[in-house]
Amino acid sequence: MNETAHSLGASGTFWELIERRAALTPDRPFLIQDDRTLTFGELRARGERVAAGLYAMGVRPGSVVAWQLPTRLETALLSFALTRIGAVQTPLIPFYRDREIGFALRESKAEFFAVPGTWRGFDHAAMAGRLAVELEHPPQVFEAYGTLPDGDPAILPPPPADGTPVRWIYWTSGTTSDPKGVLHTDRSLIAGGSCLAHALHLSADDTGSMAFPFAHVAGPDYSVMLLLYGFPAVLFEHFAMPDALAGYWRHGVTVAGGSTAFYSMFLTEQRKAPDVRLIPTLRLLAGGGAPKPPRSTTRWCARWASSSPTGTA
(Lines give C-alpha, C1' and ligand atoms only; values in the text may rest on other atoms or scores of the structure.)
Protein backbone atom coordinates (compact mmCIF):
# COMPACT_ATOMS: atom_id res chain seq x y z
CA MET A 1 0.00 0.00 0.00
CA ASN A 2 1.48 3.37 -0.99
CA GLU A 3 1.98 6.23 1.44
CA THR A 4 -1.09 8.21 0.33
CA ALA A 5 -3.39 5.19 0.55
CA HIS A 6 -1.97 4.31 3.96
CA SER A 7 -2.61 7.84 5.22
CA LEU A 8 -6.16 7.90 3.85
CA GLY A 9 -6.85 4.52 5.46
CA ALA A 10 -6.39 6.18 8.85
CA SER A 11 -9.44 8.42 8.24
CA GLY A 12 -11.69 8.42 11.29
CA THR A 13 -15.00 8.26 9.39
CA PHE A 14 -16.28 7.42 5.94
CA TRP A 15 -17.09 11.05 5.22
CA GLU A 16 -13.62 12.15 6.27
CA LEU A 17 -12.20 9.65 3.77
CA ILE A 18 -14.44 11.10 1.04
CA GLU A 19 -13.41 14.66 1.85
CA ARG A 20 -9.71 13.84 1.88
CA ARG A 21 -9.84 12.00 -1.45
CA ALA A 22 -11.92 14.77 -3.04
CA ALA A 23 -9.34 17.32 -1.94
CA LEU A 24 -6.54 15.27 -3.54
CA THR A 25 -8.09 14.39 -6.91
CA PRO A 26 -11.43 16.19 -7.33
CA ASP A 27 -11.59 15.75 -11.12
CA ARG A 28 -10.72 12.08 -11.30
CA PRO A 29 -13.65 9.69 -11.93
CA PHE A 30 -14.99 7.69 -9.01
CA LEU A 31 -17.93 5.78 -10.49
CA ILE A 32 -18.91 5.24 -14.13
CA GLN A 33 -22.26 3.95 -15.35
CA ASP A 34 -23.13 3.90 -19.04
CA ASP A 35 -22.62 7.51 -20.21
CA ARG A 36 -22.55 8.99 -16.70
CA THR A 37 -19.51 9.69 -14.54
CA LEU A 38 -19.29 10.80 -10.92
CA THR A 39 -15.95 12.34 -9.94
CA PHE A 40 -14.54 12.38 -6.43
CA GLY A 41 -15.24 16.09 -6.20
CA GLU A 42 -18.82 15.59 -7.34
CA LEU A 43 -19.22 12.81 -4.80
CA ARG A 44 -18.43 15.28 -2.02
CA ALA A 45 -20.48 18.18 -3.44
CA ARG A 46 -23.53 16.20 -4.54
CA GLY A 47 -23.33 14.00 -1.46
CA GLU A 48 -23.71 17.08 0.73
CA ARG A 49 -26.74 18.26 -1.26
CA VAL A 50 -28.40 14.85 -0.96
CA ALA A 51 -27.56 14.84 2.76
CA ALA A 52 -29.24 18.24 3.10
CA GLY A 53 -32.32 16.92 1.29
CA LEU A 54 -32.47 13.94 3.62
CA TYR A 55 -31.96 16.21 6.63
CA ALA A 56 -34.91 18.34 5.47
CA MET A 57 -36.99 15.13 5.38
CA GLY A 58 -36.18 14.52 9.03
CA VAL A 59 -33.13 12.24 8.83
CA ARG A 60 -30.85 13.03 11.76
CA PRO A 61 -27.61 11.62 13.21
CA GLY A 62 -28.55 8.18 14.51
CA SER A 63 -31.74 7.89 12.43
CA VAL A 64 -32.13 4.38 11.01
CA VAL A 65 -32.54 4.47 7.23
CA ALA A 66 -33.19 1.26 5.29
CA TRP A 67 -32.65 1.24 1.54
CA GLN A 68 -33.32 -1.42 -1.06
CA LEU A 69 -31.80 -0.07 -4.27
CA PRO A 70 -29.97 -1.46 -7.30
CA THR A 71 -26.36 -0.72 -8.18
CA ARG A 72 -26.55 2.86 -9.48
CA LEU A 73 -24.78 6.18 -9.08
CA GLU A 74 -27.81 7.40 -7.14
CA THR A 75 -27.53 4.51 -4.69
CA ALA A 76 -23.90 5.34 -3.93
CA LEU A 77 -24.76 9.03 -3.49
CA LEU A 78 -27.59 8.21 -1.09
CA SER A 79 -25.44 5.86 0.96
CA PHE A 80 -22.56 8.29 1.28
CA ALA A 81 -24.93 11.18 1.99
CA LEU A 82 -26.12 9.19 4.98
CA THR A 83 -22.52 8.94 6.19
CA ARG A 84 -22.34 12.75 6.00
CA ILE A 85 -25.30 13.01 8.39
CA GLY A 86 -24.15 10.19 10.65
CA ALA A 87 -27.32 8.15 10.17
CA VAL A 88 -27.49 4.39 10.70
CA GLN A 89 -28.11 2.72 7.36
CA THR A 90 -29.30 -0.78 6.68
CA PRO A 91 -28.81 -1.75 3.02
CA LEU A 92 -31.04 -4.51 1.64
CA ILE A 93 -30.36 -6.62 -1.46
CA PRO A 94 -32.85 -5.66 -4.23
CA PHE A 95 -33.94 -9.27 -4.72
CA TYR A 96 -35.19 -9.71 -1.14
CA ARG A 97 -38.96 -9.82 -0.80
CA ASP A 98 -41.63 -9.36 1.89
CA ARG A 99 -40.29 -11.95 4.36
CA GLU A 100 -36.69 -10.72 4.51
CA ILE A 101 -37.53 -7.01 4.15
CA GLY A 102 -40.27 -7.10 6.75
CA PHE A 103 -37.96 -8.81 9.22
CA ALA A 104 -35.13 -6.31 8.62
CA LEU A 105 -37.41 -3.28 8.92
CA ARG A 106 -38.90 -4.60 12.14
CA GLU A 107 -35.62 -5.64 13.77
CA SER A 108 -33.72 -2.48 12.79
CA LYS A 109 -36.65 -0.21 13.74
CA ALA A 110 -36.10 1.65 10.48
CA GLU A 111 -37.54 5.17 10.46
CA PHE A 112 -37.08 5.71 6.70
CA PHE A 113 -37.10 3.29 3.76
CA ALA A 114 -35.77 4.17 0.29
CA VAL A 115 -37.04 2.03 -2.61
CA PRO A 116 -36.60 2.12 -6.41
CA GLY A 117 -40.33 2.07 -7.21
CA THR A 118 -40.92 -0.72 -9.73
CA TRP A 119 -37.63 -2.37 -10.65
CA ARG A 120 -37.26 -5.37 -12.97
CA GLY A 121 -40.99 -6.01 -12.85
CA PHE A 122 -41.38 -5.92 -9.06
CA ASP A 123 -43.15 -3.05 -7.27
CA HIS A 124 -41.03 -2.29 -4.21
CA ALA A 125 -43.24 0.62 -3.19
CA ALA A 126 -46.27 -1.67 -3.11
CA MET A 127 -44.32 -4.15 -0.97
CA ALA A 128 -43.48 -1.33 1.44
CA GLY A 129 -47.18 -0.52 1.62
CA ARG A 130 -48.05 -4.13 2.43
CA LEU A 131 -45.41 -4.29 5.14
CA ALA A 132 -46.53 -0.99 6.69
CA VAL A 133 -49.79 -2.65 7.72
CA GLU A 134 -47.87 -5.28 9.67
CA LEU A 135 -45.33 -2.99 11.38
CA GLU A 136 -46.03 -1.26 14.67
CA HIS A 137 -43.97 1.73 13.58
CA PRO A 138 -43.79 1.72 9.76
CA PRO A 139 -40.99 3.77 8.20
CA GLN A 140 -41.44 6.79 5.97
CA VAL A 141 -41.08 5.45 2.42
CA PHE A 142 -39.54 7.42 -0.43
CA GLU A 143 -38.32 6.55 -3.93
CA ALA A 144 -34.63 7.02 -4.76
CA TYR A 145 -33.97 5.66 -8.24
CA GLY A 146 -33.60 8.43 -10.84
CA THR A 147 -33.89 11.35 -8.44
CA LEU A 148 -32.70 11.97 -4.89
CA PRO A 149 -33.60 14.43 -2.13
CA ASP A 150 -31.81 17.75 -2.61
CA GLY A 151 -31.14 20.68 -0.30
CA ASP A 152 -28.81 23.42 0.84
CA PRO A 153 -25.78 22.01 2.71
CA ALA A 154 -25.85 25.09 4.96
CA ILE A 155 -28.61 23.44 7.00
CA LEU A 156 -26.44 20.45 7.90
CA PRO A 157 -24.77 19.98 11.28
CA PRO A 158 -21.03 19.20 11.31
CA PRO A 159 -20.17 15.71 9.99
CA PRO A 160 -19.58 12.96 12.55
CA ALA A 161 -16.08 12.91 14.00
CA ASP A 162 -16.15 9.45 15.59
CA GLY A 163 -16.07 6.40 13.34
CA THR A 164 -16.58 3.79 16.07
CA PRO A 165 -20.39 3.84 16.64
CA VAL A 166 -22.44 1.30 14.71
CA ARG A 167 -23.75 3.03 11.59
CA TRP A 168 -24.25 0.07 9.23
CA ILE A 169 -26.47 -3.01 9.53
CA TYR A 170 -26.07 -5.71 6.88
CA TRP A 171 -28.33 -8.76 6.64
CA THR A 172 -27.62 -12.40 5.93
CA SER A 173 -30.00 -14.07 3.49
CA GLY A 174 -31.86 -16.11 6.11
CA THR A 175 -31.99 -19.20 3.89
CA THR A 176 -32.56 -21.62 6.78
CA SER A 177 -33.77 -19.23 9.49
CA ASP A 178 -34.41 -15.54 10.08
CA PRO A 179 -31.79 -13.15 8.63
CA LYS A 180 -29.05 -11.99 10.98
CA GLY A 181 -28.11 -8.33 11.28
CA VAL A 182 -24.35 -7.81 11.04
CA LEU A 183 -23.20 -4.60 12.72
CA HIS A 184 -20.47 -2.41 11.25
CA THR A 185 -18.84 0.91 12.02
CA ASP A 186 -17.20 3.31 9.59
CA ARG A 187 -13.85 2.18 10.89
CA SER A 188 -14.58 -1.53 10.46
CA LEU A 189 -15.57 -1.00 6.82
CA ILE A 190 -12.56 1.22 6.13
CA ALA A 191 -10.32 -1.44 7.67
CA GLY A 192 -11.90 -4.17 5.54
CA GLY A 193 -11.54 -2.16 2.34
CA SER A 194 -7.95 -1.25 3.20
CA CYS A 195 -7.00 -4.90 3.68
CA LEU A 196 -8.68 -5.86 0.40
CA ALA A 197 -6.86 -3.08 -1.46
CA HIS A 198 -3.54 -4.20 0.00
CA ALA A 199 -4.16 -7.84 -0.98
CA LEU A 200 -5.00 -6.94 -4.59
CA HIS A 201 -1.94 -4.71 -5.15
CA LEU A 202 -3.98 -1.90 -6.69
CA SER A 203 -2.83 1.39 -8.16
CA ALA A 204 -4.24 4.68 -9.45
CA ASP A 205 -3.92 3.27 -12.98
CA ASP A 206 -6.54 0.57 -12.40
CA THR A 207 -10.19 0.59 -13.43
CA GLY A 208 -12.42 -1.60 -11.30
CA SER A 209 -15.95 -2.92 -11.70
CA MET A 210 -18.97 -3.45 -9.46
CA ALA A 211 -21.14 -6.13 -10.99
CA PHE A 212 -22.40 -7.25 -7.57
CA PRO A 213 -25.20 -5.55 -5.60
CA PHE A 214 -23.98 -2.28 -4.07
CA ALA A 215 -26.24 -3.17 -1.12
CA HIS A 216 -23.84 -6.02 -0.32
CA VAL A 217 -21.10 -5.23 2.21
CA ALA A 218 -18.73 -5.35 -0.76
CA GLY A 219 -20.27 -2.02 -1.85
CA PRO A 220 -18.58 0.13 0.81
CA ASP A 221 -15.53 -2.13 1.00
CA TYR A 222 -14.90 -1.73 -2.73
CA SER A 223 -15.62 2.00 -2.49
CA VAL A 224 -12.90 2.26 0.17
CA MET A 225 -10.42 0.81 -2.33
CA LEU A 226 -11.37 3.45 -4.91
CA LEU A 227 -11.09 6.22 -2.35
CA LEU A 228 -7.71 5.04 -1.09
CA TYR A 229 -6.10 4.77 -4.53
CA GLY A 230 -8.13 7.29 -6.53
CA PHE A 231 -9.22 5.07 -9.40
CA PRO A 232 -12.73 4.48 -10.81
CA ALA A 233 -15.10 1.53 -11.03
CA VAL A 234 -17.70 0.72 -13.66
CA LEU A 235 -21.17 -0.02 -12.24
CA PHE A 236 -23.51 -2.66 -13.65
CA GLU A 237 -27.11 -2.26 -12.53
CA HIS A 238 -27.95 -5.74 -13.84
CA PHE A 239 -25.15 -8.13 -14.71
CA ALA A 240 -25.78 -10.51 -17.59
CA MET A 241 -23.54 -11.97 -20.24
CA PRO A 242 -22.74 -11.15 -22.99
CA ASP A 243 -24.36 -7.70 -22.62
CA ALA A 244 -22.08 -6.62 -19.77
CA LEU A 245 -18.95 -7.12 -21.86
CA ALA A 246 -19.48 -3.80 -23.64
CA GLY A 247 -18.94 -1.97 -20.35
CA TYR A 248 -15.70 -3.83 -19.64
CA TRP A 249 -14.39 -3.13 -23.15
CA ARG A 250 -15.48 0.51 -23.32
CA HIS A 251 -13.89 1.56 -20.05
CA GLY A 252 -10.83 -0.71 -20.10
CA VAL A 253 -11.55 -2.56 -16.87
CA THR A 254 -8.38 -3.97 -15.31
CA VAL A 255 -9.85 -5.50 -12.14
CA ALA A 256 -13.01 -7.62 -12.10
CA GLY A 257 -14.47 -10.39 -10.00
CA GLY A 258 -17.35 -11.62 -7.93
CA SER A 259 -18.61 -14.98 -6.79
CA THR A 260 -18.02 -18.33 -8.48
CA ALA A 261 -21.11 -17.67 -10.62
CA PHE A 262 -19.28 -14.75 -12.25
CA TYR A 263 -16.31 -17.00 -13.01
CA SER A 264 -18.64 -19.46 -14.70
CA MET A 265 -20.26 -16.78 -16.85
CA PHE A 266 -16.91 -15.35 -17.91
CA LEU A 267 -15.63 -18.83 -18.72
CA THR A 268 -18.70 -19.66 -20.80
CA GLU A 269 -18.20 -16.53 -22.90
CA GLN A 270 -14.46 -17.14 -23.27
CA ARG A 271 -15.13 -20.60 -24.67
CA LYS A 272 -17.09 -19.08 -27.55
CA ALA A 273 -13.87 -17.51 -28.84
CA PRO A 274 -10.99 -19.35 -27.15
CA ASP A 275 -8.27 -17.59 -29.17
CA VAL A 276 -9.44 -14.05 -28.42
CA ARG A 277 -9.00 -12.73 -24.90
CA LEU A 278 -12.44 -11.87 -23.52
CA ILE A 279 -11.40 -8.62 -21.75
CA PRO A 280 -8.00 -7.58 -23.14
CA THR A 281 -7.28 -4.99 -20.44
CA LEU A 282 -7.99 -7.27 -17.50
CA ARG A 283 -5.02 -7.97 -15.22
CA LEU A 284 -6.78 -9.38 -12.17
CA LEU A 285 -9.89 -11.38 -11.40
CA ALA A 286 -10.68 -11.47 -7.69
CA GLY A 287 -13.19 -13.91 -6.23
CA GLY A 288 -15.22 -14.04 -3.03
CA GLY A 289 -18.60 -14.80 -1.55
CA ALA A 290 -18.49 -18.52 -2.33
CA PRO A 291 -15.95 -21.36 -2.55
CA LYS A 292 -13.97 -21.59 -5.79
CA PRO A 293 -13.96 -25.25 -6.85
CA PRO A 294 -10.40 -26.24 -7.87
CA ARG A 295 -11.66 -27.71 -11.14
CA SER A 296 -13.31 -24.45 -12.14
CA THR A 297 -10.22 -22.44 -11.19
CA THR A 298 -8.00 -24.75 -13.24
CA ARG A 299 -10.27 -24.37 -16.26
CA TRP A 300 -10.27 -20.61 -15.85
CA CYS A 301 -6.49 -20.38 -15.70
CA ALA A 302 -6.13 -22.66 -18.73
CA ARG A 303 -8.56 -20.59 -20.79
CA TRP A 304 -7.75 -17.05 -19.79
CA ALA A 305 -5.82 -16.15 -16.67
CA SER A 306 -2.61 -17.83 -17.81
CA SER A 307 -2.18 -15.04 -20.36
CA SER A 308 -2.82 -12.33 -17.76
CA PRO A 309 0.10 -10.46 -16.18
CA THR A 310 -0.98 -11.35 -12.65
CA GLY A 311 -3.55 -14.09 -13.10
CA THR A 312 -6.30 -14.59 -10.51
CA ALA A 313 -6.62 -13.69 -6.86
Side-chain angles (χ1 to χ4, degrees), residues 14 17-18 21-22 25 27-47 50 67-83 89 91-95 114-117 119-120 124 143-148 170 189 193 196-197 200 202 204-259 261-262 265-266 279 281-282 284-289:
F14 224 110
L17 176 57
I18 290 170
R21 169 49 65 187
T25 55
D27 298 326
R28 291 211 65 180
F30 168 52
L31 296 175
I32 303 167
Q33 188 163 41
D34 301 324
D35 295 322
R36 302 188 297 156
T37 299
L38 182 73
T39 68
F40 290 106
E42 290 169 337
L43 169 64
R44 177 181 56 188
R46 292 181 62 187
V50 175
W67 53 264
Q68 187 185 30
L69 301 167
T71 303
R72 290 175 58 82
L73 296 182
E74 289 80 5
T75 300
L77 277 168
L78 177 74
S79 179
F80 298 134
L82 291 170
T83 72
Q89 54 186 302
L92 299 161
I93 302 296
F95 299 106
V115 298
W119 185 70
R120 296 188 57 77
H124 292 261
E143 292 191 13
Y145 182 79
T147 60
L148 293 170
Y170 282 91
L189 291 180
L196 184 59
L200 298 183
L202 301 170
D205 296 326
D206 279 310
T207 297
S209 58
M210 290 194 202
F212 48 82
F214 193 84
H216 189 276
V217 71
D221 275 349
Y222 207 101
S223 297
V224 167
M225 296 198 307
L226 309 182
L227 291 161
L228 292 181
Y229 283 92
F231 68 91
V234 181
L235 300 184
F236 295 89
E237 183 170 341
H238 174 65
F239 182 82
M241 285 291 185
D243 296 345
L245 287 174
Y248 288 96
W249 296 335
R250 178 180 178 184
H251 301 292
V253 168
T254 63
V255 180
S259 68
F262 286 83
M265 286 188 278
F266 283 129
I279 305 174
T281 54
L282 193 71
L284 178 72
L285 184 68

Out of curiosity, [X] [atom1] to [Y] [atom2], how far, rounded to the nearest 0.5 Å?
{"X": "F40", "Y": "D27", "atom1": "CZ", "atom2": "CG", "answer": "11.5 Å"}
{"X": "D206", "Y": "L200", "atom1": "CG", "atom2": "CG", "answer": "9.0 Å"}
{"X": "L17", "Y": "T83", "atom1": "CG", "atom2": "OG1", "answer": "9.5 Å"}
{"X": "L227", "Y": "T25", "atom1": "CG", "atom2": "OG1", "answer": "9.0 Å"}
{"X": "D34", "Y": "L73", "atom1": "CG", "atom2": "CG", "answer": "8.5 Å"}
{"X": "R44", "Y": "R21", "atom1": "CZ", "atom2": "CZ", "answer": "12.0 Å"}

| For residues W119 and E237, is any side-chain donor paired with an opposing acceptor at under 3.5 Å? | yes
| Just wondering, more than 12 heavy atoms not from R46 lying within 6.0 Å of its CZ? | no
| request: For a ring-ring contact (aromatic ring centres under 6.0 Å, His included) with F212, tell me which candidate from F239, Y222, F95 qualifies. | output: Y222
Write down the atom of [X], the atom of [Y], and the distance for their closest heavy-atom approach.
{"X": "Y229", "Y": "A197", "answer": "CE1-CB, 3.7 Å"}
{"X": "G247", "Y": "V253", "answer": "O-CG2, 4.4 Å"}
{"X": "P29", "Y": "P232", "answer": "O-CB, 3.4 Å"}
{"X": "A144", "Y": "L78", "answer": "CB-CD2, 4.4 Å"}
{"X": "A81", "Y": "G47", "answer": "CB-O, 3.4 Å"}

With side chains defined as the heavy atoms from C-beta onward, is the minimum distance between [X] and [Y] less than 4.5 Å?
{"X": "V50", "Y": "E74", "result": "no"}
{"X": "L43", "Y": "L77", "result": "yes"}
{"X": "L202", "Y": "L228", "result": "no"}
{"X": "M210", "Y": "L226", "result": "yes"}
{"X": "P116", "Y": "P70", "result": "yes"}

| request: For a side chain to side chain contact (heavy atoms under 4.5 Å, CB included) with Q33, tell me which candidate from L235, L38, V234 qualifies. | output: L235
Counting N and O atoms only, with roles assigned by atom type, does the side chain of [X] sit under 3.5 Å from a partner on the main chain of [Y], one being a donor and the other an acceptor?
{"X": "Q68", "Y": "I93", "value": "yes"}
{"X": "S209", "Y": "V255", "value": "yes"}
{"X": "Q89", "Y": "W67", "value": "no"}
{"X": "T254", "Y": "T281", "value": "no"}
{"X": "R28", "Y": "A204", "value": "yes"}
{"X": "S223", "Y": "G219", "value": "yes"}

| query | side-chain contact (heavy atoms from CB on, under 4.5 Å) between L285 and F262: does it pass, once the steps are laid out? | reply | CA-CA 10 Å; L285 184 68; F262 286 83; over 6 Å; no
| query | Should the ring pair F214 and F80 be called parallel, tilted or perpendicular, given that the plane angle runs from 0 to 90° and is split at 30 and 60? | reply | perpendicular
| message | Assess whether a salt bridge exists between R250 and D35, defined as any Lys/Arg side-chain N lying under 4.0 Å from an Asp/Glu carboxylate O. | response | yes
